[in-house]
J.: 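A single structure is presented below for examination.
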Amino acid sequence: MNYWLMKSEPSVFGIDDLRRSPGRKTCWDGVRNYQARNMIRDDMRVGDQALFYHSSTEATGVAGIMEIVRAGFPDPSALEPDDPHYDPDSDPAAPRWFAVDVKFKEKFGRIVTLAELKRHRALSGMQLLKRGNRLSVMPVSASHWRLILDLARGR
DNA sequence: GCCAACGTTGGC
DNA sequence: GCCAACGTTGGC
């Protein structure tokens, strides 16, 4: 099983929105970066776990956990002209962008903040903490995953 | 709101 | 293929 971290701005869609979604599931669409696309399309598997990361907000950080419940499929929002993520250059016959379905698993009792993650030397290798990182989807190692869950649960 | 860092675009 | 200009991300 793989571990991931996926970013979203809570002012657009946060972990509470996911929890309130029908079936506690949503289509994680709108990713328009090729590196992230490749991971969504090629590497995400049903049953993989993902940290839900809140970006661009006060208290940026990890808010909880979700699970991949449908592996990569062509992102419908790329083909829908009314969608803000519409890509006019996208070809339905050769999909460029991909999405997964995710399901709410857990909301932490608190946000494990970015500042806090930065304080732990054991997490210094995290892609999230690398300078200039802007990926909205990235892998998380099993050891980093465990440590972050320990932090969330007060060890 | 500012700005650093990065990805993409397009002229050449 | 180079690279300047531009747009976006996201922390602060």
Side-chain angles (χ1 to χ4, degrees), chain A residues 2-21 26-44 48-68 72-102 104-141 143-152 154:
Chain A
N2 297 313
Y3 298 109
W4 305 96
L5 180 146
M6 300 167 81
K7 296 178 183 173
S8 182
E9 299 185 25
S11 63
V12 178
F13 190 87
I15 195 160
D16 290 329
D17 298 304
L18 177 60
R19 185 167 52 180
R20 287 192 295 260
S21 295
T26 197
C27 174
W28 199 273
D29 60 10
V31 174
R32 297 292 180 264
N33 170 284
Y34 287 104
Q35 228 183 312
R37 187 280 310 268
N38 292 346
M39 291 187 273
I40 290 173
R41 187 188 58 186
D42 305 332
D43 301 330
M44 284 190 166
D48 285 359
Q49 309 278 112
L51 299 171
F52 195 133
Y53 181 89
H54 282 179
S55 64
S56 297
T57 179
E58 15 44 296
T60 60
V62 182
I65 300 173
M66 53 195 173
E67 181 174 324
I68 309 303
F73 58 94
D75 183 343
S77 71
L79 303 172
E80 176 47 60
D82 292 335
D83 194 285
H85 298 294
Y86 176 59
D87 176 8
D89 298 329
S90 220
D91 174 9
R96 175 182 305 183
W97 304 116
F98 283 72
V100 288
D101 283 349
V102 295
F104 176 89
K105 293 292 282 185
E106 174 182 346
K107 179 183 178 182
F108 295 153
R110 64 189 189 85
I111 301 283
V112 180
T113 64
L114 178 61
E116 188 177 354
L117 297 176
K118 286 178 177 171
R119 281 203 298 272
H120 289 271
R121 289 197 85 175
L123 296 176
S124 61
M126 274 190 86
Q127 213 165 321
L128 176 74
L129 305 181
K130 294 277 169 65
R131 206 173 78 110
N133 172 65
R134 282 169 39 189
L135 275 181
S136 65
V137 174
M138 68 194 86
V140 174
S141 76
S143 62
H144 292 162
W145 176 273
R146 278 193 297 273
L147 177 49
I148 291 168
L149 264 58
D150 285 345
L151 294 173

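As the structure is a computational prediction, the values presented were derived from the model and not from experiment. In the text below, chain A, chain B and the rest are named by the order of the sequence lines, each starting its count at 1.
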J.: With the side chain counted from C-beta on, respond yes when A:M44 and A:M39 share a heavy-atom pair under 4.5 Å apart, and no when they do not.
T.: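 Not in contact.
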
J.: A:Y53 side chain N/O closer than 4.0 Å to the phosphate oxygens (OP1, OP2) of C:dG11?
T.: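 Answer yes for this pair, as a side-chain N or O of A:Y53 is under 4.0 Å from OP1 or OP2.
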
J.: Looking at A:D91 and A:R96, does any basic side-chain N land under 4.0 Å from a carboxylate oxygen?
T.: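 Looking at A:R96 together with A:D91, the answer is no, because their closest N to O distance does not fall below 4.0 Å.
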
J.: Starting at CZ of A:R131 and ending at C1' of C:dT9, how long is that distance when rounded to a whole Å?
T.: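 Taking atom C1' of C:dT9 as the reference, CZ of A:R131 is at 15 Å.
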
J.: Could you state the atom-to-atom distance from CD of A:E58 to C1' of B:dG1 in whole Å?
T.: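 Answer to the nearest Å: 16 Å.
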
J.: Please state how far atom OH in A:Y34 lies from atom C1' in C:dT8, giving the value in whole angstrom units.
T.: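 My rounded result for the distance is 15 Å.
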
J.: Counting only side-chain N and O atoms of A:K7, is one of them less than 4.0 Å from OP1 or OP2 of C:dG10?
T.: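 Indeed, a polar side-chain atom of A:K7 lies that close.
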
J.: Round to the nearest Å and state the distance from A:N33 atom CG to B:dT8 atom C1'.
T.: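 After rounding, the gap between these two atoms is 11 Å.
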
J.: Starting at NZ of A:K118 and ending at P of C:dG10, how long is that distance when rounded to a whole Å?
T.: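 Rounded to whole Å, this separation is 13 Å.
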
J.: Taking atom CD of A:E9 and atom OG of A:S136, what is their separation to the nearest 0.5 Å?
T.: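 Between A:E9 CD and A:S136 OG, I get 11.0 Å after rounding to 0.5 Å.
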
J.: Atom CG of A:L129 and atom P of C:dT9: how far apart are they, to the nearest Å?
T.: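 After rounding, the reported distance stands at 20 Å.
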
J.: Measure from CD on A:Q35 to P on C:dT9 and round the result to the nearest Å.
T.: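 Interatomic distance, CD of A:Q35 to P of C:dT9: 15 Å.
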
J.: Just the rounded figure in Å: distance from P of C:dG10 to CZ of A:F13.
T.: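 In whole Å, C:dG10 P and A:F13 CZ are 16 Å from each other.
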
J.: Counting only heavy atoms from other residues, nucleotides and ligands, does the tally under 6.0 Å from CD of A:E80 exceed 12?
T.: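 Enclosed: over 12 neighbouring heavy atoms sit under 6.0 Å from CD of A:E80.
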
J.: Any base atoms under 4.0 Å from A:S56, or only sugar-phosphate, or nothing? Heavy atoms, all strands.
T.: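 Base, at least one base atom sits under 4.0 Å.
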
